[in-house]
Asks: 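Quick one: the structure is below, questions incoming.
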Amino acid sequence: RADAVVQTWPLTMHGRIRLTSGNDGLSHCILGLFEASSTNGFRLEVVNSAGNMIARSVSRAGGTAATANGTTFANDSNWHSVVGEVTAANARQVWLDNGGNASNSTSLTPSTLTKTSIGAYNNGGTISGNIAHELADVAVWSGTLTADERAALASGVSPLLIRPDILEIYLP
């Protein structure tokens with residue numbers, strides 16, 4: 001999409017992901033909000049870390065990335081709910097199936113965001129990344145969700161029923 005659905009925090013990103021090959025060792029971008037000609041911005045992903053597939057919420061600015069790396073694993077080909085929140089320049093969190101919460105407090109502020117990418121990375125204006133996954137219920141809110149709302153998403157409740165007043169995009 002040729003614009004970013006949300007420009008700045010607070011924001012919450014969500015997606016369900018099913019890896020087609022379980023622990024495939026690849027990096028899978030669920031959702032990204034990017035600057036025009038760089039990989040700077042915000043993204044939600046599942047990546048290989050020390051032989052395990054973890055959820056990650058990333059902020060990137062000036063070529064430097066700050067990541068909240070989840071502590072639970074998606075090493076199978078089941079559906080998993082991933083939620084990432086960015087609440088300030090120095091506050092990002094991630095949850096996998098409403099568990100394995102992790103945070104990061106490195107301060108980073110991307111410039112103007114101009115692209116929304118679903119299922120792939122925007123590498124400086126070129127779409128790339130691994131597509132060995134399926135996605136569902138991709139959503140972005142222009143605010144944060146409560147613990148109960150994140151739990152509802154993890155249990156399969158549609159994003160349409162979670163804070164519709166601040167739901168900026170939903171792709172079933």
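In this chain, numbering begins with 1 at the start of the sequence shown. Please read all numbers here as calculations on a predicted model, not as lab measurements.
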Asks: How long is the span from the CG atom in N40 to the CG atom in L113, to the nearest 0.5 Å?
Replies: 9.0 Å
Asks: Once rounded to the nearest 0.5 Å, what's the spacing between atom OG1 of T72 and atom CG of N101?
Replies: 9.5 Å
Asks: Carefully, step by step, assess I54 and L96 under the rule side-chain contact (heavy atoms from CB on, under 4.5 Å).
Replies: CA-CA 8 Å; I54 63 167; L96 175 68; over 6 Å; no
Asks: Is it true that V6 and V86 fall in one hydrophobic cluster, defined by side-chain heavy atoms closer than 4.5 Å?
Replies: yes
Asks: Which heavy atom of A68 sits nearest a heavy atom of A102, and at what distance?
Replies: CB-O, 3.7 Å
Asks: Rounded to the nearest 0.5 Å, how far does OG of S81 lie from CD1 of I17?
Replies: 11.0 Å
Asks: Tell me, please, which residues at least two apart from T106 pass side-chain hydrogen bond (donor to acceptor under 3.5 Å, both in side chains).
Replies: N104
Asks: Write out all pairs satisfying ring-ring contact (aromatic ring centres under 6.0 Å, His included) with one or both partners inside residues 61-101, taking only residues at least two apart or from two chains.
Replies: none
Asks: V83, L160: one ILVMFWY side-chain cluster at the under-4.5 Å cut-off?
Replies: yes
Asks: Name all pairs fulfilling the ring-ring contact (aromatic ring centres under 6.0 Å, His included) condition that reach into residues 25-44, sequence neighbours left out, sorted by first residue then second.
Replies: H28-H133
Asks: May I have all residue pairs that pass side-chain hydrogen bond (donor to acceptor under 3.5 Å, both in side chains) and include part of residues 52-65, sequence neighbours excluded?
Replies: T39-R60, E45-R56, N52-N75, S59-R92
Asks: Taking only residues two or more places apart in sequence or in another chain, which ones pass ring pair (Phe, Tyr, Trp, His ring centres under 6.0 Å) with H14?
Replies: none
Asks: Can you list the residues that meet the side-chain contact (heavy atoms from CB on, under 4.5 Å) rule with S27, with sequence neighbours excluded?
Replies: V47, Y121, N130
Asks: Which side-chain N or O atoms in residues 146-153 pair as donor and acceptor under 3.5 Å with protein atoms at least two apart or in another chain?
Replies:
unit_1, atom_1, unit_2, atom_2, d
T146, OG1, D148, N, 3.4
T146, OG1, E149, N, 3.1
T146, OG1, E149, OE1, 3.4
E149, OE1, T146, N, 2.8
R150, NH1, L145, O, 3.0

Asks: Hey, what do you get for CD1 (I30) to CG (L135), rounding to the nearest 0.5 Å?
Replies: 6.5 Å
Asks: Determine which pairs satisfy side-chain hydrogen bond (donor to acceptor under 3.5 Å, both in side chains) with at least one residue from residues 159-172, sequence neighbours left out, and list them in order.
Replies: D137-Y170, S142-E168
Asks: Do T12 and E85 have side-chain atoms, one donor and one acceptor, less than 3.5 Å apart?
Replies: yes
Asks: Between NZ of K115 and CG of D3, what distance do you get to the nearest 0.5 Å?
Replies: 10.5 Å
Asks: Mind checking side-chain contact (heavy atoms from CB on, under 4.5 Å) for L171 and listing every partner two or more places apart, or none if nothing turns up?
Replies: I118, V138, I169
Asks: By side-chain contact (heavy atoms from CB on, under 4.5 Å), which residues pair with T20, not counting sequence neighbours?
Replies: A132, E134
Asks: I need the full list of ring-ring contact (aromatic ring centres under 6.0 Å, His included) pairs touching residues 137-163, with sequence neighbours left out, sorted by first then second residue.
Replies: none
Asks: Can you list the residues that meet the side-chain contact (heavy atoms from CB on, under 4.5 Å) rule with T109, with sequence neighbours excluded?
Replies: W9, A89
Asks: Distance from S77 atom OG to N23 atom CG, nearest 0.5 Å?
Replies: 11.0 Å
